[in-house]
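Notes to accompany the following structure.
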2 protein chains.
Amino acid sequence: MNTERQPDAVDAILAQWRRERPDLDASPMGTIGRLTRCSALMQRRLDEAFSAFGLSIWEFDMLATLRRTGAPYCLAPTALFSTLMVTSGTMTHRMQRLEASGWVERLVNPEDARSKLVKLTPAGLELIDRAVEAHVQNEHRILAPLNPTDLTALEMSLARLLAVLEPGGE
Amino acid sequence: MNTERQPDAVDAILAQWRRERPDLDASPMGTIGRLTRCSALMQRRLDEAFSAFGLSIWEFDMLATLRRTGAPYCLAPTALFSTLMVTSGTMTHRMQRLEASGWVERLVNPEDARSKLVKLTPAGLELIDRAVEAHVQNEHRILAPLNPTDLTALEMSLARLLAVLEPGGE
DNA sequence: CAGACTTATCTTGATATCAAGACAACTTCC
DNA sequence: GGAAGTTGTCTTGATATCAAGATAAGTCTG
C-alpha cells in the first residue's frame, strides 16, 4: 500500500506541538484530530443535500430514523433519543418542531401512558423518501474520489475504532 | 488482514435500509455513519479529561491553539476562528468568556487597529500546559485497544479522507 | 393493595452556535 | 489624497442543546 501523502493541516499542528512540547508524544492528536476534522467537514457536505429539501441535519436524522423502522413509521421518544444520542429535553423540542412542520404526529401509546408515540405523517414519509435518495446520492458523490481499496480500508478502520469506542464495546 | 468483526449499531441501521429501501445502495451510509458516530463518541471521551481541569472542549481548543503557536502565545481573532472552524461571532463570544475567566487577555494590534489580539495570560499558559498533558495521556488511553497495525491503517485512511474533504483538497 | 422505587417525558434556565448585518479600519487605484 | 471596495470584528436575534429538576405512570414487594 502506498503510504506517501501531502502534508495537511493536522501535520502542521503536530509539528507545532513537537516544537513547543517535545516532551509529549502527540501522535494520537493526529489520528483524533483528523477524525474530528473529517466529521465536521462531512457534516457540512451532508447538509448541502438536506438543505435542498428545507431540512437541517437533525430533522433529516429524526425523519430517517422513523422511516427506516418501517411501517407504521412510529417510535417512542426514548427509542429516538437513545438512537440519536441526544437528551430527552432535546427530543421534546425536536418533536414539537417536527409536529409544527406537519412531518410527524403524536399518538397516545396504548401500552404506556407516560409516552406519546411519534409517527411520520404521509407528508413526512413522502418528504423523507425523496430526501434520503438525494442524501445517498450525495454520499456516493462525496466518497467517489476514494478508490475501492481505500474505501474498504477506511470502512474497516472505522468499524474497529467504533468497536473500541462504543459503550460496552470490548 | 483479518476482515471479520461483530455486527455493530451501524450494521443494524444498514439492514433496516436494505429492507425498507432495497432500491438504494446505502453502503456509504455505513462509512459515513461510523465516521459520525466515532467522532461523537470520541468527543465525549475527550471531554472527560478536560472537565477535570474545569475546561470545556471549546475552551481547551482555544487555549491549545494559542499555546502551540509558541511564545508570545498570541493570535488575531481571524486566525483563531479560521483554524477552529467557527464564525467570527462565535469567536467574539469565546474570547469574552476566556477573558472573563482570566485565561486570555486582549491587546491592541499595532499592525491593524481593526483587530485586538488574543494572548494567553500566565495563568492560561500554566493551565493549558497541564491540561494538554492529561489530554494526550487520555488520547493514548483511548486508542490503546487498537494494535499498531490497525492504528496505522486508521491514520492513513483518515488522512486520505481528509484530503478528499478538505476545501481545496484534490 | 399500598408504599417505595423506577422509568419516561417534559420544563426550566443557561449556553453556544450561526447567519446576517453594522461598522470601522485598511487598501487600491486613479 | 480621496472615493470605492475589501477586510476584520462585533452585534443582534433566532435556535439547538444540555443539565437538573419536576411530574406522572408503571412496577415490585411484603
Side-chain angles (χ1 to χ4, degrees), chain A residues 36-37 39-41 43-48 50-51 54-63 65-66 74-101 103-119, chain B residues 36-37 39-41 43-48 50-51 54-63 65-66 74-101 103-119:
Chain A
T36 303
R37 206 167 172 88
S39 179
L41 292 169
Q43 297 310 306
R44 295 187 180 184
R45 296 288 294 274
L46 299 184
D47 194 49
E48 293 168 11
F50 303 146
S51 61
L55 291 173
S56 61
I57 292 185
W58 69 260
E59 290 171 315
F60 178 88
D61 284 343
M62 290 275 290
L63 300 182
T65 302
L66 290 166
C74 190
L75 287 171
T78 299
L80 277 166
F81 72 69
S82 309
T83 303
L84 296 171
M85 301 201 291
V86 297
T87 62
S88 61
T90 295
M91 190 49 57
T92 300
H93 179 247
R94 288 184 174 192
M95 293 183 296
Q96 287 169 348
R97 297 299 309 276
L98 291 182
E99 189 176 18
S101 299
W103 295 325
V104 306
E105 55 189 336
R106 305 295 304 271
L107 306 175
V108 169
N109 184 347
E111 303 188 339
D112 189 337
R114 293 171 299 181
S115 289
K116 289 188 72 177
L117 300 175
V118 190
K119 181 181 171 177
Chain B
T36 303
R37 205 167 172 88
S39 179
L41 292 169
Q43 297 311 305
R44 296 187 180 184
R45 297 288 296 272
L46 298 184
D47 195 48
E48 292 168 11
F50 303 147
S51 60
L55 292 172
S56 61
I57 292 186
W58 70 259
E59 290 171 315
F60 177 89
D61 284 343
M62 290 275 289
L63 300 181
T65 301
L66 290 166
C74 190
L75 286 171
T78 298
L80 277 166
F81 72 70
S82 310
T83 303
L84 295 171
M85 301 201 291
V86 297
T87 63
S88 62
T90 296
M91 190 49 57
T92 300
H93 178 246
R94 287 184 173 192
M95 293 182 297
Q96 287 169 348
R97 297 299 309 277
L98 291 182
E99 189 175 19
S101 299
W103 296 325
V104 307
E105 55 189 334
R106 304 296 304 271
L107 306 175
V108 168
N109 183 348
E111 303 187 338
D112 188 338
R114 292 170 300 180
S115 287
K116 289 188 71 177
L117 300 175
V118 189
K119 181 182 172 176

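Convention: sequence-line order gives letters A, B, ...; per-chain numbering from 1. Only a predicted model underlies this, so the values are computations on that prediction, with no experimental measurement involved.
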Quiz item: Where along nucleotides 10-21 of chain D does protein come under 4.0 Å, by heavy atom, of base (B) or sugar-phosphate alone (S), with - for untouched nucleotides?
Solution: BB---SSBBS--
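The aromatic rings of A/F60 and A/F50 sit parallel, their planes meeting at an angle under 30°, below the 60° perpendicular limit.
Following rounding to the nearest Å, A/E111 (CD) and D/dG26 (P) show an atom-to-atom distance of 11 Å. Straight-line distance from the CG atom of A/L75 to the P atom of C/dA8: 14 Å, rounded to whole Å.
By the 4.5 Å heavy-atom criterion applied to side chains, A/L55 and A/W103 are counted as neighbours. Using a 4.5 Å heavy-atom threshold, the side chains of B/V118 and B/M91 count as separate. Taking 4.5 Å as the limit, every side-chain heavy atom of A/M62 sits out of range of all side-chain heavy atoms of A/V104. Considering only heavy atoms from C-beta on, A/L80 stays 4.5 Å or farther from A/R94 through its side chain.
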